[in-house]
Amino acid sequence: MIDLELIRKRPDFVRERLRLRDEGLVKLVDEALELDQERRRVIREEEELRALRNKKSKEIGLLKRQGKDTKALEEDLKNIRVKVEKIHEERERLEEKLKRVLLSIPNLPHESVPYGEDERDNVEVRKFGEPKKGKVLPHWEIGEKLKILDFKGGSTLSGSRFTVVRGFGAKLERALINFMLDLHTSKGYEEVLPPHLVREEILIGTGQLPKFEEELYKVERDGLYLIPTAEVPLVNLFRGKTLKEEELTLKLTSYTPCYRREAGSYGKDVRGIIRQHQFNKVELVKITREEDSYKELESLVRDAEEVLKLLELPYRVVLLCSGDLGFSATKTYDIEVWFPSQNKYREVSSCSNCEDFQSRRINLKYRTSDGKKRFAHTLNGSGLAVGRTLASILENYQTKDGKVEVPKVLKEYMGGKTFVV
RNA sequence: GGAGAGGUGGCCGAGGGGUCGAAGGCGGCCGCUUGCUAAGCGGCAGAGGGGUAACCCCCCUCCGAGGGUUCGAAUCCCUCCCUCUCCGCCA
């Protein structure tokens with residue numbers, strides 16, 4: 001949630017920044033301003049009445065103790081109460097409306113974010129490794145051949161976009177998870193194993209709700225949602241907290257499956273395991289002071305890149321343009337790994353600074369040395385999407401005779417196995 | 001699933017219709033005292049919102065959440081949520 005005060009004091013700035021994302025967002029600012037003005041008018045009215053009521057009520061208390069008659073005053077106050085109730089209802093209606101508008105306004109792009117409409121305008125910032133050319137089987141073909149990806153099994157059990165990983169494929173995926181977690185924890189990230197089912201307000205806290213309901217799996221009976229990313233539980237772990245400045249930056253890492261309905265992506269990536277309703281991901285989260293968050297974003301990206309470097313997979317880092325930014329982010333780097341069969345880079349990580357956008361929603365603050373409270377900044381990034389990394393290994397480490405070599409750094413996690421055959 | 005207990009300020013904990021934003025304790029901050037420390041003494045401190053250019057200040061709201069009763073609710077009534085304990089079941 002962006003700061004209402006900012007909208008009030010610098011509406012043009014907010015409009016201009018939102019326009020970078022989408023022209024259509026500008027009207028939300030005007031809506032918020034109007035509602036806010038109206039709301040404050042009503043608040044003033046209500047509070048005047050309440051002040052009057054409180055004063056007279058106290059009088060009644062005094063008079064009663066002196067044994068005096070208070071009938072007239074009481075009648076008087078009954079009328080005031082009716083008025084207060086009426087105006088209070090109006091105030092609640094307005095506040096509810098305003099809140100809905102505020103919760104649906106995305107975060108403002110950072111000044112360093114290039115303008116653009118969609119992913120075509122993203123800017124490549126650096127590259128690592130040499131993209132492998134020449135013919136390789138797409139990961140779904142080699143995966144089926146080696147009997148490690150069972151698409152039939154997945155659809156039997158759960159339908160489309162579900163896949164069963166078997167045998168050494170399963171072991172390789174587990175190796176990847178362990179490798180990633182070990183790497184990140186060695187750099188000071190605390191490992192966390194959170195619940196995968198969370199309450200509605202938790203998803204509001206990180207920005208998935210109220211806008212993206214259709215992307216989420218919901219367990220109706222218990223009112224719980226399956227997490228679409230570990231970012232959700234990890235960031236919300238700190239909701240309502242006031243942290244000490246000295247304990248920042250907090251760094252967390254977590255392996256969880258992610259559950260996404262992928263509504264509106266019909267026909268995209270229907271083959272293979274690039275786009276699944278359930279996939280494994282190792283996530284990185286940081287909670288920082290406001291003056292550190294951009295520096296920490298850079299190092300977060302480096303920490304995620306490190307995984308690909310050590311796996312010796314060619315990748316590039318891309319700075320997202322304004323139009324491609326996610327809802328809660330001010331600035332995002334995607335890391336894309338090379339897929340030889342598709343002759344292109346595909347996203348395996350998305351690292352974002354959300355500044356105080358989520359902190360406002362979950363009321364996460366820290367106390368500075370001079371005793372002031374400030375909203376903390378939150379950052380998140382994949383480190384990495386495990387399924388896609390596995391798919392990329394199946395292609396980049398494919399041998400001419402149809403085997404897949406185990407990347408060096410994973411060998412110790414694979415019981416010494418060097419090839420998947 | 002059954003039975004019970006409970007949710008009050010940073011923490012512990014009292015208060016059971018008006019003078020209660022809330023005793024007391026711990027912790028915090030600022031003084032004073034004091035070889036140092038400790039102790040002691042005195043004082044100051046909640047959050048959100050509205051009014052204001054801003055401050056002082058004034059006002060409103062907040063005792064898990066939401067309703068209700070009342071002139072007036074932390075306190076009485078209803079609903080819900082959460083936590084804990086015991087029993088049962090279960091990996």
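By convention in this document, chain letters (A, B, ...) are assigned in the order of the sequence lines, proteins followed by strands, and residues within each chain are numbered from 1.
Nucleic acid contact for A:Lys58: none, since no nucleic acid atom lies under 4.0 Å from a heavy atom of the residue. Among the heavy atoms of the strands lying under 4.0 Å from A:Arg199 are primed sugar atoms or P, OP1, OP2 only; no base atom is included. Note on A:Arg360: nothing from the nucleic acid sits closer than 4.0 angstrom, heavy atoms only. Nucleic acid contact for A:Asp76: none, since no nucleic acid atom lies under 4.0 Å from a heavy atom of the residue. Residue A:Ile60 is in base contact, counting any heavy-atom pair closer than 4.0 Å across all strands shown.
Both A:Lys365 and A:Arg40 lie close to RNA chain B; mapped to their nearest nucleotides by heavy-atom distance, the more 5′-ward contact belongs to A:Lys365. Checking A:Glu92 against A:Glu95, the closest nucleotide of RNA chain B that is more toward the 5' end is the one next to A:Glu95.
One finds the OH atom of A:Tyr397 at 14.0 Å from the CD atom of A:Glu395 (value rounded to the nearest 0.5 Å). From A:Arg260, atom CZ reaches atom CD of A:Gln276 across 12.5 Å, with rounding to the nearest 0.5 Å. Note that CZ of A:Arg41 is 6.5 Å distant from CD1 of A:Ile87, once rounded to the nearest 0.5 Å.
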Run the numbers on A:Thr288 and A:Thr249 for side-chain hydrogen bond (donor to acceptor under 3.5 Å, both in side chains), then give the verdict.
CA-CA 5 Å; A:Thr288 77; A:Thr249 297; 5.2 Å; no
Apply side-chain hydrogen bond (donor to acceptor under 3.5 Å, both in side chains) to residues A:Ser350 and A:Asp334 and explain how you reach the verdict.
CA-CA 4 Å; A:Ser350 192; A:Asp334 275 4; 2.8 Å; yes
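Nucleotide B:rG25 carries an anti base; the chi torsion (O4'-C1'-N9-C4 or O4'-C1'-N1-C2) is more than 90° from 0.
Regarding A:Glu89, its CD atom lies at a distance of 12 Å from the C1' atom of B:rG67, rounded to whole Å. Distance CD (A:Glu48) to C1' (B:rG51): 10 Å, rounded to an integer number of Å. Between the CD atom of A:Glu45 and the P atom of B:rC59 there is a distance of 20 Å, rounded to whole Å. Note: NZ (A:Lys373) to P (B:rA45) measures 17 Å, nearest angstrom. Atom CG of A:Leu98 and atom P of B:rG49 are 12 Å apart (whole Å). When rounded to the nearest whole Å, the span between NZ of A:Lys64 and C1' of B:rG18 equals 10 Å. To the nearest angstrom, C1' of B:rC62 lies 11 Å from CZ of A:Arg91. When the P atom of B:rC81 is taken as reference, atom CD of A:Glu201 falls 13 Å away, rounded to whole Å.
Between A:Asn79 and the phosphate of B:rC71, there is no side-chain N or O to OP1/OP2 separation shorter than 4.0 Å. Of the side-chain N and O atoms in A:Arg50, none sit less than 4.0 angstrom from OP1 or OP2 of B:rC71. Contact check, A:Arg39 against B:rG50: a side-chain N or O comes under 4.0 Å of OP1 or OP2.
Relative to the six-membered ring of A:Tyr366, A:Lys373 misses at least one condition, a distance below 6.0 Å or an angle of at most 45° to the axis.
Taking atom C1' in both B:rC78 and B:rG28, the straight-line distance is 41 Å, to the nearest Å. One C1' atom belongs to B:rU8, the other to B:rA14, and the distance between them is 10 Å to the nearest Å. B:rC29 and B:rA45 are spaced 7 Å apart, taking the C1' atom of each and rounding to whole Å. One P atom belongs to B:rG15, the other to B:rC82, and the distance between them is 28 Å to the nearest Å. Taking atom C1' in both B:rA47 and B:rC63, one finds a spacing of 13 Å when rounded to whole Å. For the C1' atoms, the distance from B:rG13 to B:rG24 is 8 Å, rounded to whole Å. Rounded to whole Å, the separation between the C1' atoms of B:rC59 and B:rU70 comes to 23 Å. Comparing B:rG46 with B:rA22, their C1' atoms are spaced 11 Å from each other, to the whole Å.
Comment: A:Glu95 engages A:Arg39 in a salt bridge, judged by a side-chain N to carboxylate O separation of less than 4.0 angstrom.
Remark: the A:Thr229 side chain and the A:Lys281 side chain contain an N/O donor-acceptor pair separated by less than 3.5 Å. Judged purely by distance below 3.5 Å, without hydrogens or angles, the side chains of A:Asn280 and A:Tyr255 pair a donor atom with an acceptor atom. Defined by atom type and a distance below 3.5 Å, a donor-acceptor pair is present between the side-chain atoms of A:Asn353 and A:Ser293.
Stem analysis of RNA chain B (Watson-Crick or G-U pairs, both distances under 3.5 Å, runs of at least three) returns B:1-7 with B:81-87, B:10-12 with B:24-26, B:28-32 with B:40-44, B:46-51 with B:57-62, B:64-68 with B:76-80.
In terms of polar N and O atoms assigned as donor or acceptor, the side chain of A:Glu46 never comes within less than 3.5 Å of the base of B:rG50 in a complementary pairing.
Minimum atom distance to the side chain of A:Arg44 is reached by B:rG50, of the listed B:rC60, B:rC71, B:rG50.
A:Val82 pairs by the side chain to side chain contact (heavy atoms under 4.5 Å, CB included) definition with nothing, not counting sequence neighbours.
Aromatic ring centres of A:Phe327 and A:Phe357 lie closer together than 6.0 Å.
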What pairs of nitrogen or oxygen atoms, one from the protein and one from nucleotides 72-76 of chain B, lie under 3.5 Å apart?
from: B:rG72; atom 1: O4'; to: A:Ser57; atom 2: OG; distance (Å): 3.3

